[in-house]
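Notes follow the structure.
We count residues from 1, following the sequence as given.
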Amino acid sequence: MTKRKLTRLLLNQLTASACLLCFFGFPALAAQLSFNQQNQKLHYVWSDAEQTRHQITVDISQTQFTLTTFQRYSPKLMQQALQQQAMQWFQQQKKTDVLLKRERIGLNYELQITGPDPKQVREITNALRQQQNQAYQDYLTQHHFQIFKNFSNQWAVKPNHTAIALLSQADVAPFVNAFKPLVADKTEAEGIELLLSFIQSIPYSALGADKTQRGTGFSPPAQLLINNQGDCDSKVTLMASAMMQLYPNRETIMVIVPGHALIGIDLPQQGNQKILTVQGRDYVLAEPTGPANLLLGKVDKGSAVAIAQQQMRVEKFIKPASAQ
């Protein structure tokens, strides 16, 4: 009997978000006075908004890092991985009277199931679809991605910032241990202000940017500290991860506006500090990106306009169970 083409399974591929560009022309620049890495020690010297000089040395010699690299989301690599799993899954079903083929259709590849029995083809197709849906979710989790709707109301993929901040706890522990003596005699707000100035002073980099696209990269906290560079969502993630250990009683959020990200901390508002109320809780906003020494509660004009116009998304950082 001639085999008929009965159904096709097209693996959906979501494009990577044109991530967060995060550069603003601030007039007053944060100052990293020096950085060097020697004998598995990271030495930072920077000045805060009052031009006070600070320094820390982070010993990473005993650290078994969890996440020091981050691979940009690639629909092509995702599709290849899922199709390989689909082929393996199909072989395990040991169906001799149906075939699973891989065909290129334009820029995409389709999985094509054929066979003489329409009912059997439908059953295999439905089972394969379930397998692929689960494989896709597993792929995102394994590579620390998540699906979201961008400001154009399109589905896209971005780093799972909250999961990465939590996963990076051990990675940032050496930095937190080195930083604790600097804030030991400071109030909570003063300590957070100093942490903010440190992260602002780290050189900004539009990770992955080139002539054809904006920065689509991301640096997890350990990579950011070691490479001494990062963009806005990378710096927000670092600050949130460090906050979990320095000030475990404080909640933090990431506020994403078009082209940028900033952080919110549930501190009591002081003076005219900019706050954002989320589910009845007030968060003081801050701009870790730099290079401006914007104080706690001060935000860039572009951020303020976007928030006022409700052009934003909020993600809550989840603290470790030990801190809850």
Step by step, work out the side chain to side chain contact (heavy atoms under 4.5 Å, CB included) result for Leu42 and Phe175. CA-CA 9 Å; Leu42 311 174; Phe175 165 74; over 6 Å; no
Is there a salt bridge (charged side-chain N to carboxylate O under 4.0 Å, His left out) between Glu193 and Lys186? Walk through the geometry before answering. CA-CA 10 Å; Glu193 193 90 74; Lys186 297 183 181 298; over 6 Å; no
Side chains of Asp300 and His260 only: does a donor on one sit below 3.5 Å from an acceptor on the other? no
To the nearest 0.5 angstrom, please state how far the CZ atom of Phe70 sits from the OG1 atom of Thr68. 12.5 Å
Determine whether Val299 and Val305 fall in the same hydrophobic cluster, where Ile, Leu, Val, Met, Phe, Trp and Tyr are linked whenever their side-chain heavy atoms lie under 4.5 Å apart. no
Distance-minimising heavy-atom pair for Val183 and Gly191: CG1-CA, 3.7 Å
Heavy-atom closest pair (Ala222 atom, Phe65 atom, distance to 0.1 Å) is CB-CD2, 3.7 Å
For the pair Tyr139 and Tyr73, name the ring-plane relationship: parallel under 30°, tilted 30 to 60°, perpendicular over 60°. perpendicular
Which heavy atom of Ile226 sits nearest a heavy atom of Tyr44, and at what distance? N-OH, 4.4 Å
Report the C-alpha distance between Gln134 and Asp138 in whole Å, list the side-chain angles of each, state the deciding distance to 0.1 Å, and finish with yes or no for side-chain hydrogen bond (donor to acceptor under 3.5 Å, both in side chains). CA-CA 6 Å; Gln134 185 59 54; Asp138 293 344; 2.9 Å; yes
Within this structure, what is the CD1-OG1 distance for the pair Ile192 and Thr252, rounded to the nearest 0.5 Å? 10.0 Å
Kindly compute the distance separating CD1 (Ile256) from CZ (Arg313), expressed to the nearest 0.5 Å. 4.0 Å
Side-chain contact, heavy-atom cut-off 4.5 Å: Phe90 with Val98? yes
Would a distance-only check, ignoring hydrogens and angles, find a side-chain to backbone donor-acceptor pair under 3.5 Å from Ser219 to Leu224? no
Given side chains that start at C-beta, do those of Arg281 and Val278 come closer than 4.5 Å, heavy atoms only? no
Rounded to the nearest 0.5 Å, the OG atom of Ser234 sits from the CD1 atom of Ile199 at a distance of 11.5 Å
Main-chain N/O of Thr66 paired to Asp171 side chain as donor or acceptor, under 3.5 Å: yes
How long is the span from the CG atom in Leu194 to the OG1 atom in Thr52, to the nearest 0.5 Å? 9.5 Å
Flag the pair Lys158 / Gln146 as yes when at least one side-chain heavy-atom distance between them is below 4.5 Å, and no otherwise. yes
Before you tell me yes or no, could you show the steps for Gln79 and Leu82 under side chain to side chain contact (heavy atoms under 4.5 Å, CB included), namely the whole-Å CA-CA distance, both residues' side-chain angles and the distance that decides it to 0.1 Å? CA-CA 5 Å; Gln79 190 180 71; Leu82 266 62; 5.9 Å; no
Applying the 4.5 Å side-chain criterion to the ILVMFWY set and letting contacts propagate, would Leu182 and Leu33 be lumped into a single cluster? no
Check: Phe145 ring centre within less than 6.0 Å of Tyr136 ring centre: no
Taking side-chain contact (heavy atoms from CB on, under 4.5 Å) as the test, write out the residues that go with Ala165, two or more places apart. Thr237, Ser241, Met244, Phe317
Side-chain heavy atoms of Gln245 within contact of Asn177, under 4.5 Å: no
Apply side-chain contact (heavy atoms from CB on, under 4.5 Å) to Gln154 and list each qualifying residue two or more places apart in sequence or on a separate chain. Asn150, Ser152
Sub-3.5 Å donor-acceptor pair from the side chain of Lys235 to the main-chain atoms of Gly230, do we have one? no
Of all the heavy-atom pairs spanning Ala286 and Pro288, show the shortest one and how long it is. O-CD, 3.3 Å
Nearest heavy-atom contact between Pro268 and Val284 is O-CG2, 4.1 Å
Do Gln311 and Phe151 come close enough that some side-chain heavy atom pair is under 4.5 Å? yes
In one Ile/Leu/Val/Met/Phe/Trp/Tyr side-chain cluster, 4.5 Å: Ile263, Tyr247: yes
Stepwise side chain to side chain contact (heavy atoms under 4.5 Å, CB included) check, Asn228 with Gln32: CA-CA 10 Å; Asn228 191 44; Gln32 185 180 82; 2.8 Å; yes
Regarding Gln137 and Asn133, is there a side-chain donor-to-acceptor distance under 3.5 Å anywhere? no
Using a distance-only test with no angle check, is there a side-chain donor-acceptor pair under 3.5 angstrom linking Thr162 and Asn160? yes
Let me check something: do Leu238 and Val176 share a hydrophobic cluster, defined by ILVMFWY side-chain heavy atoms less than 4.5 Å apart, either directly or through other members? yes
Hydrophobic cluster membership, Leu295 vs Leu276, 4.5 Å side-chain cutoff: no
Going by side-chain contact (heavy atoms from CB on, under 4.5 Å), name the residues that satisfy it together with Gln40, two or more places apart in sequence or in a different chain. Ile60, Ser61
Taking all non-hydrogen atoms of both residues into account, name the closest pair between Leu296 and Leu196 and its distance. N-CD2, 3.8 Å
Are the side chain of Gln200 and the backbone N or O of Glu287 linked by a donor-acceptor pair below 3.5 Å? yes
Judged by atom type as modelled, is there a donor-acceptor pair below 3.5 Å linking the side chain of Asp48 to the main-chain atoms of Ser197? no
Are any of the side-chain heavy atoms of Val121 and Asp117 separated by less than 4.5 Å? no
If only atom types and distance count, is the side chain of Gln85 paired as donor or acceptor with the main-chain N or O of Gln132 below 3.5 Å? no
I'd like to know if Glu123 pairs up with Lys95 as an ion pair, taking the criterion as any Lys NZ or Arg NE/NH1/NH2 lying under 4.0 Å from an Asp or Glu carboxylate oxygen. no
Quick one: do Met78 and His143 satisfy side chain to side chain contact (heavy atoms under 4.5 Å, CB included)? Show the steps, please. CA-CA 10 Å; Met78 177 277 296; His143 293 85; over 6 Å; no
Is the shortest side-chain heavy-atom distance between Ile56 and Trp46 below 4.5 Å? yes
Separation between CD1 of Ile124 and CD of Gln120, rounded to the nearest 0.5 Å: 6.0 Å
Check: Gln269 side chain, Ile275 main-chain N or O, donor-acceptor pair, under 3.5 Å: no
Hey, is the main chain of Gln229 close enough, under 3.5 Å, to the side chain of Asn227 for a donor-acceptor pair? no
